[in-house]
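Shown next, in C-alpha coordinates, is the structure this report addresses.
Counting begins at 1 with the first residue of the sequence.
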Amino acid sequence: GGGTVGLASIFDDKPRDFGDLGLLQSLAQVAANAIANTRLYDALERSADRVGIVGDVSFELSSSLDLGDVLHSTARRLCALADVPSCDIYTLAGEDRLECVVSLVEGEVDDAWQDRTLAVDTSSALGTVIERRMPLVIASPDDPLLGDEERALWARDGVTAAAAFPLVSKGEVIGVLELLETRGPRAFERDEIDTIAGVCRVAALAIDNADHVKDLQLRNRENELLNE
(Lines give C-alpha, C1' and ligand atoms only; values in the text may rest on other atoms or scores of the structure.)
Protein backbone atom coordinates (compact mmCIF):
# COMPACT_ATOMS: atom_id res chain seq x y z
CA GLY A 1 0.00 0.00 0.00
CA GLY A 2 3.02 2.35 -0.24
CA GLY A 3 3.34 5.17 -2.73
CA THR A 4 5.81 5.62 -5.54
CA VAL A 5 8.70 7.89 -4.59
CA GLY A 6 10.74 7.69 -7.80
CA LEU A 7 12.01 5.62 -10.71
CA ALA A 8 15.23 3.62 -11.08
CA SER A 9 16.53 2.52 -14.48
CA ILE A 10 19.48 0.31 -15.45
CA PHE A 11 21.13 0.25 -18.88
CA ASP A 12 23.69 -1.79 -20.82
CA ASP A 13 25.55 -1.03 -24.02
CA LYS A 14 24.76 -4.43 -25.60
CA PRO A 15 21.70 -6.69 -25.87
CA ARG A 16 21.17 -8.89 -22.83
CA ASP A 17 18.64 -10.74 -20.73
CA PHE A 18 18.53 -9.33 -17.23
CA GLY A 19 17.01 -12.58 -15.98
CA ASP A 20 15.61 -12.66 -12.46
CA LEU A 21 14.83 -9.11 -11.36
CA GLY A 22 14.15 -10.07 -7.74
CA LEU A 23 17.47 -8.77 -6.44
CA LEU A 24 17.12 -5.51 -8.35
CA GLN A 25 13.59 -5.06 -7.02
CA SER A 26 14.84 -5.62 -3.48
CA LEU A 27 17.60 -3.04 -3.95
CA ALA A 28 15.07 -0.60 -5.40
CA GLN A 29 12.85 -1.10 -2.35
CA VAL A 30 15.77 -0.39 -0.02
CA ALA A 31 16.51 2.80 -1.98
CA ALA A 32 12.84 3.81 -1.86
CA ASN A 33 12.71 3.33 1.92
CA ALA A 34 15.86 5.43 2.31
CA ILE A 35 14.36 8.24 0.20
CA ALA A 36 11.08 8.14 2.13
CA ASN A 37 12.90 8.19 5.49
CA THR A 38 15.07 11.11 4.38
CA ARG A 39 12.00 13.09 3.29
CA LEU A 40 10.30 12.34 6.61
CA TYR A 41 13.38 13.46 8.53
CA ASP A 42 13.61 16.67 6.51
CA ALA A 43 9.92 17.36 7.13
CA LEU A 44 10.31 16.78 10.88
CA GLU A 45 13.40 18.99 10.97
CA ARG A 46 11.57 21.81 9.16
CA SER A 47 8.64 21.43 11.52
CA ALA A 48 10.96 21.65 14.53
CA ASP A 49 12.60 24.75 13.04
CA ARG A 50 9.17 26.36 12.61
CA VAL A 51 8.21 25.61 16.20
CA GLY A 52 11.51 27.09 17.40
CA ILE A 53 11.06 30.28 15.39
CA VAL A 54 7.46 30.75 16.53
CA GLY A 55 8.55 30.14 20.14
CA ASP A 56 11.35 32.71 19.89
CA VAL A 57 9.02 35.35 18.44
CA SER A 58 6.33 34.54 21.01
CA PHE A 59 8.81 35.14 23.83
CA GLU A 60 10.02 38.38 22.28
CA LEU A 61 6.53 39.77 21.67
CA SER A 62 5.24 38.78 25.09
CA SER A 63 8.05 40.75 26.74
CA SER A 64 6.35 44.07 25.96
CA LEU A 65 2.82 45.41 26.20
CA ASP A 66 3.70 48.64 24.41
CA LEU A 67 1.71 48.52 21.16
CA GLY A 68 4.30 50.41 19.13
CA ASP A 69 7.10 48.10 20.29
CA VAL A 70 5.07 44.99 19.50
CA LEU A 71 4.14 46.23 16.02
CA HIS A 72 7.67 47.24 15.04
CA SER A 73 9.20 44.09 16.50
CA THR A 74 6.73 41.95 14.53
CA ALA A 75 7.47 43.75 11.27
CA ARG A 76 11.25 43.55 11.70
CA ARG A 77 11.24 39.88 12.67
CA LEU A 78 9.09 38.90 9.71
CA CYS A 79 11.13 40.94 7.21
CA ALA A 80 14.21 39.09 8.40
CA LEU A 81 12.48 35.71 8.48
CA ALA A 82 11.09 36.03 4.95
CA ASP A 83 14.07 37.98 3.58
CA VAL A 84 11.90 40.75 2.16
CA PRO A 85 12.63 44.49 2.22
CA SER A 86 9.17 45.69 3.26
CA CYS A 87 6.40 44.87 5.70
CA ASP A 88 3.08 46.65 6.26
CA ILE A 89 0.79 45.89 9.18
CA TYR A 90 -2.82 47.01 8.92
CA THR A 91 -5.58 47.01 11.51
CA LEU A 92 -9.26 47.09 10.68
CA ALA A 93 -10.80 50.55 10.84
CA GLY A 94 -14.49 49.88 10.42
CA GLU A 95 -15.84 47.25 8.07
CA ASP A 96 -14.27 48.39 4.82
CA ARG A 97 -11.06 50.24 5.70
CA LEU A 98 -7.61 49.15 6.77
CA GLU A 99 -5.26 51.54 8.59
CA CYS A 100 -1.53 51.03 8.16
CA VAL A 101 -0.15 51.10 11.70
CA VAL A 102 3.40 50.08 10.74
CA SER A 103 5.22 50.37 7.43
CA LEU A 104 8.86 49.32 7.26
CA VAL A 105 11.10 49.60 4.20
CA GLU A 106 14.66 48.30 4.53
CA GLY A 107 14.30 48.43 8.31
CA GLU A 108 13.18 52.07 8.41
CA VAL A 109 9.72 53.47 9.05
CA ASP A 110 8.01 54.68 5.88
CA ASP A 111 6.34 57.85 7.14
CA ALA A 112 4.79 58.45 3.73
CA TRP A 113 2.64 55.32 4.00
CA GLN A 114 2.28 54.68 7.72
CA ASP A 115 -1.07 55.91 9.11
CA ARG A 116 -2.67 55.84 5.64
CA THR A 117 -5.97 54.02 5.14
CA LEU A 118 -6.85 51.64 2.36
CA ALA A 119 -10.29 50.62 1.12
CA VAL A 120 -10.85 46.87 1.14
CA ASP A 121 -13.52 44.70 -0.43
CA THR A 122 -13.74 41.19 -1.80
CA SER A 123 -12.30 42.35 -5.15
CA SER A 124 -9.00 43.31 -3.48
CA ALA A 125 -6.22 40.98 -2.38
CA LEU A 126 -6.26 42.22 1.23
CA GLY A 127 -10.05 41.97 1.29
CA THR A 128 -9.77 38.38 0.11
CA VAL A 129 -7.34 37.61 2.95
CA ILE A 130 -9.83 39.00 5.48
CA GLU A 131 -12.75 37.12 3.94
CA ARG A 132 -10.97 33.76 3.64
CA ARG A 133 -8.90 34.11 6.84
CA MET A 134 -6.06 32.44 4.98
CA PRO A 135 -2.63 33.53 3.69
CA LEU A 136 -2.52 34.73 0.12
CA VAL A 137 0.47 34.90 -2.24
CA ILE A 138 0.34 37.51 -5.00
CA ALA A 139 2.86 36.27 -7.54
CA SER A 140 3.24 39.34 -9.77
CA PRO A 141 1.83 42.83 -10.52
CA ASP A 142 -0.39 41.16 -13.14
CA ASP A 143 -2.00 38.82 -10.63
CA PRO A 144 -5.82 39.06 -10.97
CA LEU A 145 -6.13 38.93 -7.18
CA LEU A 146 -5.02 42.58 -6.99
CA GLY A 147 -7.64 45.30 -6.90
CA ASP A 148 -7.28 48.48 -8.96
CA GLU A 149 -6.02 50.59 -6.03
CA GLU A 150 -3.56 47.89 -5.00
CA ARG A 151 -2.27 47.52 -8.55
CA ALA A 152 -1.65 51.26 -8.79
CA LEU A 153 0.25 51.23 -5.48
CA TRP A 154 2.36 48.28 -6.67
CA ALA A 155 3.26 50.15 -9.84
CA ARG A 156 4.18 53.27 -7.85
CA ASP A 157 6.38 51.41 -5.37
CA GLY A 158 7.88 48.84 -7.74
CA VAL A 159 6.45 45.85 -5.89
CA THR A 160 7.02 42.57 -7.73
CA ALA A 161 5.46 40.00 -5.37
CA ALA A 162 3.84 39.79 -1.95
CA ALA A 163 2.39 37.50 0.66
CA ALA A 164 -0.45 38.65 2.91
CA PHE A 165 -1.59 37.06 6.17
CA PRO A 166 -4.69 37.59 8.30
CA LEU A 167 -4.14 38.66 11.89
CA VAL A 168 -6.69 36.69 13.89
CA SER A 169 -7.08 37.04 17.65
CA LYS A 170 -9.71 35.27 19.75
CA GLY A 171 -11.58 34.23 16.62
CA GLU A 172 -11.77 37.72 15.10
CA VAL A 173 -9.78 39.21 12.22
CA ILE A 174 -8.11 42.32 13.62
CA GLY A 175 -5.91 43.16 10.65
CA VAL A 176 -3.60 42.03 7.87
CA LEU A 177 0.17 41.71 7.62
CA GLU A 178 1.70 42.10 4.17
CA LEU A 179 5.27 41.22 3.15
CA LEU A 180 6.40 42.97 -0.03
CA GLU A 181 9.19 42.14 -2.46
CA THR A 182 10.63 44.91 -4.65
CA ARG A 183 13.92 43.38 -5.82
CA GLY A 184 12.54 41.14 -8.56
CA PRO A 185 10.46 37.97 -9.01
CA ARG A 186 9.89 36.01 -5.81
CA ALA A 187 8.30 32.67 -4.97
CA PHE A 188 7.15 32.00 -1.40
CA GLU A 189 7.61 28.33 -0.46
CA ARG A 190 4.95 26.36 1.41
CA ASP A 191 7.15 25.86 4.49
CA GLU A 192 7.91 29.58 4.50
CA ILE A 193 4.21 30.46 4.39
CA ASP A 194 3.43 28.00 7.22
CA THR A 195 6.16 29.45 9.43
CA ILE A 196 5.11 33.06 8.83
CA ALA A 197 1.45 32.17 9.41
CA GLY A 198 2.44 30.67 12.77
CA VAL A 199 4.29 33.85 13.71
CA CYS A 200 1.29 35.93 12.63
CA ARG A 201 -1.00 33.97 14.96
CA VAL A 202 1.28 34.81 17.87
CA ALA A 203 1.70 38.40 16.71
CA ALA A 204 -2.06 38.94 16.35
CA LEU A 205 -2.65 37.98 19.98
CA ALA A 206 0.25 40.19 21.15
CA ILE A 207 -1.05 43.15 19.11
CA ASP A 208 -4.58 42.65 20.42
CA ASN A 209 -3.39 42.45 24.04
CA ALA A 210 -1.18 45.52 23.65
CA ASP A 211 -4.08 47.41 22.08
CA HIS A 212 -6.32 46.54 25.05
CA VAL A 213 -3.62 47.70 27.47
CA LYS A 214 -3.31 50.97 25.56
CA ASP A 215 -7.09 51.51 25.75
CA LEU A 216 -7.07 50.74 29.47
CA GLN A 217 -4.23 53.20 30.09
CA LEU A 218 -6.11 55.92 28.19
CA ARG A 219 -9.27 55.32 30.23
CA ASN A 220 -7.31 55.38 33.47
CA ARG A 221 -5.67 58.65 32.43
CA GLU A 222 -9.06 60.16 31.58
CA ASN A 223 -10.39 59.13 34.99
CA GLU A 224 -7.37 60.67 36.70
CA LEU A 225 -7.93 63.96 34.88
CA LEU A 226 -11.61 63.96 35.83
CA ASN A 227 -10.75 63.36 39.49
CA GLU A 228 -8.15 66.13 39.72
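Taken from OG1 in T195 to CD in E189, the straight-line distance is 11.5 Å, to the nearest 0.5 Å. With rounding to the nearest 0.5 angstrom, the CG atom of D115 is 7.5 Å from the SG atom of C100. To the nearest 0.5 angstrom, I130 atom CD1 is 11.5 Å from I174 atom CD1. Rounded to the nearest 0.5 angstrom, C200 SG and L179 CG are separated by 7.0 Å. Between atom CG of residue D88 and atom CD of residue Q114 there is a gap of 9.0 Å, rounded to the nearest 0.5 Å. A distance of 10.0 Å separates CG of L177 from OH of Y90, quoted to the nearest 0.5 Å.
The two residues F165 and V129 come nearest to each other via the heavy atoms C-CG1, 3.7 Å. Minimum interatomic distance between P85 and E181 (heavy atoms only, all atoms of both residues): CD-OE2, 3.6 Å. Across every non-hydrogen atom of L145 and L136, the tightest pair is CD1-CD1, 3.7 Å. In plain terms, the two heavy atoms of C79 and C87 that are nearest each other are SG-CB, 3.4 Å. Taking all atoms of both residues into account, the shortest heavy-atom contact from A164 to L126 is CB-CD2, 3.9 Å. P141 and R151 get closest at one heavy-atom pair: O-NH1, 2.7 Å.
Two residues are said to be in side-chain contact when any heavy atoms from C-beta on lie closer than 4.5 Å; T74 and V102 fail this criterion. Side-chain contact between V109 and L104 is present, with at least one heavy-atom pair separated by less than 4.5 Å. Between I138 and E150 there is no side-chain heavy-atom pair separated by less than 4.5 Å. The closest side-chain heavy-atom distance from V105 to W113 is not below 4.5 Å. Put simply, the side chain of I196 reaches to within 4.5 Å of the side chain of L78, judged on heavy atoms. Side chains of L205 and K170 form a contact here, defined as non-hydrogen atoms less than 4.5 Å apart.
Linking ILVMFWY residues whenever their side-chain heavy atoms come closer than 4.5 Å, directly or via other members, places L146 and L180 in the same cluster. Both L92 and L118 belong to a common hydrophobic cluster when Ile, Leu, Val, Met, Phe, Trp and Tyr are linked at side-chain heavy-atom distances under 4.5 angstrom. In terms of hydrophobic clustering, with Ile, Leu, Val, Met, Phe, Trp and Tyr side chains grouped at heavy-atom distances under 4.5 Å, V173 and I193 are assigned to different clusters. V120 and V176 fall within the same hydrophobic cluster, where Ile, Leu, Val, Met, Phe, Trp and Tyr residues are linked whenever their side-chain heavy atoms come under 4.5 Å apart, directly or through other members. Both L167 and V199 are part of a single hydrophobic cluster, where members link through side-chain heavy atoms under 4.5 Å apart.
Residue-environment remark: CZ (R132) stays at or below the threshold of 12 foreign heavy atoms within 6.0 Å.
A salt bridge is defined here as a Lys NZ or Arg NE, NH1 or NH2 lying under 4.0 Å from an Asp or Glu carboxylate O, and R116 with D110 fails to meet this definition. Taking a cutoff of 4.0 Å between a charged side-chain nitrogen and a carboxylate oxygen, R97 and E99 do not qualify as a salt bridge.
When each of V159, T160, D142, D143 is paired with W154, the side-chain contact (heavy atoms from CB on, under 4.5 Å) condition holds for V159 and for no other.
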